[in-house]
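Scroll down for the structure; my scribbles are underneath it.
Keep in mind it's a predicted model, so treat the numbers as computed, not measured. Along the sequence shown, the residues carry numbers beginning at 1. When a ligand or atom number is given, it counts from 1 through the structure's own listing order.
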Amino acid sequence: MRRFSYDGSPILYLVATPIGNLEDITYRASRILKEVKRIYAEDTRNSLVLLKHYDIKTPLVSYHDFSSLEEAKKIIDYILAGNDVALISDAGMPVISDPGFKLVELAIQNDIRVVVVPGPSAFITAFAASNLAMPLHFYGFLPPKELKRQEFLENIKYQTGTLIFYEAPHRLRETVCSMLRILGDRKAVIARELTKKYEEYIWDNLSNLDLDLKGEIVLLVEGHIENNLETDPFKLIDLKVKEGTKLSSAVKEVALMLNLKKNELYLEYLKKKENQ
Ligand code: SAM
């Protein structure tokens with residue numbers, strides 16, 4: 001059994017920093033960042049902006065996911081020599097889709113106390129205003145390769161509650177198309193640029209979301225409920241037409257989403273309508 005409690009020995013702090021709005025830092029976070037001997041940061045240039053804003057003069061050292069095991073061990077030795085240090089990431093909570101996992105693992109193995117100074121995280125912020133159901137399942141970034149992504153989605157398609165993902169704007173379309181193919185046309189929310197000037201929430205079905213977006217994005221998708229695994233292209237076309245999209249555009253969009261041939265889909269759709 002492993003148990004940690006305060007005994008005055010040195011600490012690895014995981015300090016949450018703002019996800020956009022620089023005012024979103026706690027009094028405690030700012031104090032700890034001033035008190036520790038070193039701050040390890042993913043991108044030191046980026047973190048300098050925050051530290052300057054709060055007049056924090058603690059030495060800043062680079063630590064990221066590509067840092068070697070040797071570098072992580074050096075940090076552990078530095079803590080074991082009696083120095084409190086803090087780990088921060090570019091935004092939000094370290095370790096959450098950000099560097100730090102390896103360092104925390106080594107710290108625990110070396111009986112170093114790990115203390116989290118809590119604060120913002122994009123997925124929690126997004127979920128609170130999404131009005132989607134508990135439980136929430138946070139997956140971070142989906143695999144970028146299509147086949148791996150599909151395999152991943154296949155494994156979670158019966159999960160109930162809310163599925164939450166981080167996604168880069170240039171990959172949003174591919175990701176939503178994979179979701180439509182595997183999860184069906186579910187309710188979804190895009191939470192964009194949270195805590196920043198152009199913060200925006202978009203609620204719609206996956207097939208209808210605006211996908212030409214910029215900025216930082218959290219994508220939230222309704223978990224499995226009966227009948228929401230709908231991927232019937234004809235129903236998706238009907239839905240779009242009902243919502244005011246021209247038939248030719250609706251066919252084009254659905255073909256793109258489901259990876260189907262546009263002309264064949266159009267002909268089959270017309271044939272189906274004739275027989276109805
Ligand atoms: N550690 C961070 C956290 O606790 O949320 C996440 C870091 S991860 C490398 C970066 C991703 O988080 C972005 O690509 C985006 O999906 C999401 N993200 C971060 N800040 C955001 C914001 N202000 N608005 C929306 N999404 C954000």
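Relative to the ring axis of Tyr198, Arg192 does not place its NZ or CZ within 45° and under 6.0 Å from the centre.
Val85 and Leu69 fall within the same hydrophobic cluster, where Ile, Leu, Val, Met, Phe, Trp and Tyr residues are linked whenever their side-chain heavy atoms come under 4.5 Å apart, directly or through other members.
Proximity of a side-chain donor or acceptor of Asp232 to a complementary backbone N or O of Phe234 within less than 3.5 Å is detected. Asp204 places no side-chain N or O within donor-acceptor distance of the main-chain N or O of Leu209, the cut-off being under 3.5 Å.
With a heavy-atom cut-off of 4.0 Å, Leu194 touches ligand 1 through backbone and side chain alike.
Scanning the protein for heavy atoms near atom 18 (N) of ligand 1, the closest one is Ala122 CB, 3.5 Å. When hydrogens are left out, the protein atom nearest atom 25 (C) of ligand 1 is Glu216 O, 3.2 Å; that is the closest non-hydrogen contact. Protein heavy atom in closest approach to atom 8 (S) of ligand 1: Ser97 O, 3.6 Å. Summary of contacts: the protein heavy atom closest to atom 16 (O) of ligand 1 is Ile217 O, 2.6 Å. Ranking the protein heavy atoms by distance from atom 26 (N) of ligand 1 puts Val218 CG2, 3.4 Å first. At the shortest separation from atom 4 (O) of ligand 1 among protein heavy atoms lies Ser121 OG, 2.6 Å. From the protein, the heavy atom lying nearest to atom 7 (C) of ligand 1 is Asp98 OD2, 3.2 Å. In terms of protein heavy-atom proximity, atom 14 (O) of ligand 1 is closest to Phe141 CZ, 3.4 Å.
There is a side-chain donor-acceptor pair under 3.5 Å between Glu167 and Thr175. Side-chain contact of Asp98 with Ser89: a donor-acceptor pair under 3.5 Å is present, judged by distance alone.
Annotation for ligand 1: atoms under 4.0 Å from non-hydrogen atoms of Glu167 are 16 (O). In summary, the atoms of ligand 1 found under 4.0 Å from a heavy atom of Lys196, numbered by their order in the structure, are 23 (N).
Considering backbone and side-chain atoms alike, Ala91 places an N or O below 3.5 Å from some N or O of ligand 1. For Met93, a nitrogen or oxygen atom sits less than 3.5 Å from a nitrogen or oxygen atom of ligand 1, counting backbone and side chain alike. At a 3.5 angstrom cut-off on N or O pairs, Arg192 does not count as close to ligand 1. At under 3.5 Å, a nitrogen or oxygen of Ile96, whether backbone or side chain, sits near a nitrogen or oxygen of ligand 1. Taking any N or O of Ser89, backbone or side chain, none lies under 3.5 Å from an N or O belonging to ligand 1. For ligand 1, the polar-atom distance check finds no N/O of Pro94 at less than 3.5 Å from any of the ligand's N/O atoms.
Look at Lys196 and Glu199 and you find no salt bridge, because none of the NZ, NE, NH1 or NH2 atoms lies under 4.0 Å from a carboxylate O. Between Arg31 and Glu35 a salt bridge is recorded (basic side-chain N to carboxylate O distance below 4.0 Å). Residues Lys273 and Asp238 are paired through a salt bridge, judged by an N-O separation under 4.0 Å between the basic side chain and the carboxylate. Under 4.0 Å is where a charged nitrogen must lie from a carboxylate oxygen, and between Asp212 and Arg173 at least one such pair does.
By the 4.0 Å heavy-atom criterion, Phe165 is excluded from the residues contacting ligand 1.
Between Phe138 and Tyr166, the ring centre distance stays below 6.0 Å.
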